[in-house]
Structure formats: structure tokens, C-alpha cells
Chemist: 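Please read through the structure below; I'll follow up with questions.
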Amino acid sequence: MSFATFGDFLAMGHHGLYVWSAYGICLAVLALNVGAPLLARRRYLQEEARRLRRENNQ
């Protein structure tokens with residue numbers, strides 16, 4: 001499929017809103033699938049470090 005202009009490419013034959021929102025939602029879900037475990041791991045390691053410090057200080 002070819003488009004005459006970049007604006008036509010973005011409009012996708014008046015389906016651009018659906019197409020680009022689907023891409024955006026997909027990218028957001030992928031980012032969450034990567035980011036959430038990384039943040040959870042960081043939080044877990046910080047909690048464990050705090051727990052170890054508390055145990056060592058007693």
C-alpha cells in the first residue's frame with residue numbers, strides 16, 4: 001500500500017485513529033510487561049537490604 005503524502009500515511013484512509021491507538025496500546029502493554037518486573041525486583045532488593053540492616057543492627 002502506498003500513500004501520496006506523510007499525512008495520508010498517518011490518516012490511513014480515515015482509519016488512522018484506530019490503527020495508531022492500537023499501536024500505542026500495544027507499546028504501552030509491552031512497556032508495562034518489561035517495566036513492572038524490573039520495578040518489582042528493585043523494590044524487593046531494597047526491602048531485603050533494609051531487613052538485613054535491621055537484623056545486623058540488633
Chemist: Honestly curious: do Leu32 and Leu30 fall in one hydrophobic cluster under the side-chain, below-4.5 Å linking rule?
Modeler: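 Leu32 and Leu30: separate clusters.
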Chemist: Could you identify which residues cluster with Leu17, counting Ile, Leu, Val, Met, Phe, Trp and Tyr as linked when any side-chain heavy atoms lie under 4.5 Å apart, either directly or through a chain of such contacts?
Modeler: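 Reading the cluster by chain and number, Leu17 sits alone, since nothing else belongs.
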Chemist: Hydrophobic clusters join Ile, Leu, Val, Met, Phe, Trp and Tyr when side-chain heavy atoms are under 4.5 Å apart, directly or via other members; which others share one with Leu38?
Modeler: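 Result for Leu38 is Val34.
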Chemist: Holding to salt bridge (charged side-chain N to carboxylate O under 4.0 Å, His left out), I want the full list of residues that pass it with Arg51, two or more places apart in sequence or in another chain.
Modeler: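 Expected list: Glu48, Glu55.
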Chemist: Going by the rule side-chain contact (heavy atoms from CB on, under 4.5 Å), which residues pair with Gln58 if we only count those two or more places apart in sequence or in a different chain?
Modeler: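 Once residues adjacent in sequence are excluded, Gln58 has no partner under the side-chain contact (heavy atoms from CB on, under 4.5 Å) criterion.
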Chemist: If a pair satisfies side chain to side chain donor-acceptor pair (under 3.5 Å) and one of its residues is in residues 14-29, list it, with sequence neighbours excluded.
Modeler: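 As it turns out, there is no side chain to side chain donor-acceptor pair (under 3.5 Å) pair with a partner in residues 14-29 once direct neighbours are skipped.
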Chemist: Just to verify, what does Leu45 make a side-chain contact (heavy atoms from CB on, under 4.5 Å) with, not counting sequence neighbours?
Modeler: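 Scan of Leu45 (side-chain contact (heavy atoms from CB on, under 4.5 Å), adjacent residues dropped) gives Arg41.
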Chemist: Hey, could you give me the CD/CZ distance between Glu47 and Arg50, rounded to the nearest 0.5 Å?
Modeler: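 It comes to 6.0 Å.
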